[in-house]
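The structure appears below as structure tokens.
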Amino acid sequence: VGIDTVNLQGKYYEAHVKVGDKVRAGDLLLTFDRAAIEAAGYETVTPVLLTNTDDYQSVQAVTGQQVRPGDRVLTAL
């Protein structure tokens with residue numbers, strides 16, 4: 001979560017899953033202190049990358065709006 005926040009070395013973040021865990025839509029993956037991260041000089045904007053686009057005919061991104069938990073941000077057909 002954020003840009004260059006790896007420099008915080010985990011400070012202000014709490015993982016709720018670990019490598020190898022199986023997760024499903026709606027599972028809590030991570031919590032973080034947005035205000036503390038921003039106060040430390042980091043942005044909390046988070047890129048979303050889809051690396052297997054060759055597996056789909058079409059990939060459409062939702063743009064121009066705020067999203068909330070559970071909102072669809074990509075449609076892949």
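The shown structure was predicted, so the numbers you read here are calculated from the model rather than taken from an experiment. We use all heavy atoms of the structure for the numbers below, so side chains are in, but hydrogens, waters and symmetry mates are not. Quick note: residue numbers are just sequence positions, from 1.
For CD of Q57, the number of neighbouring non-hydrogen atoms (other residues, nucleotides, ligands) closer than 6.0 Å is 12 at most. By the 6.0 Å contact criterion, CD on E43 is open, its count of non-hydrogen atoms from other residues, nucleotides or ligands being 12 or less.
Following chains of ILVMFWY side-chain contacts shorter than 4.5 Å, one can reach Y42 starting from L30, so the two form part of one hydrophobic cluster. Criterion: ILVMFWY side-chain heavy atoms under 4.5 Å apart, direct or through other members. Under it, V45 and L29 are not part of a common hydrophobic cluster. Tracing side-chain contacts under 4.5 Å through hydrophobic residues (I, L, V, M, F, W, Y), one never reaches L28 starting from V23; they form parts of separate clusters.
The two atoms that bring P47 and I3 nearest to each other are CD-CD1, 3.9 Å, heavy atoms only. The two residues T46 and G2 have their closest heavy-atom pair at OG1-N, 3.0 Å. The two atoms that bring L8 and A40 nearest to each other are CD2-CB, 4.2 Å, heavy atoms only.
Proximity of R24 to D27: side-chain heavy atoms (C-beta onward) are separated by under 4.5 Å at one or more points. Taking the side chain as every heavy atom from C-beta outward, L74 and V48 approach each other to under 4.5 Å.
When only modelled atom types and interatomic distance are considered, T5 and Y13 share a side-chain donor-acceptor pair under 3.5 Å.
A distance of 4.5 Å separates CD of E14 from OG1 of T31, quoted to the nearest 0.5 Å.
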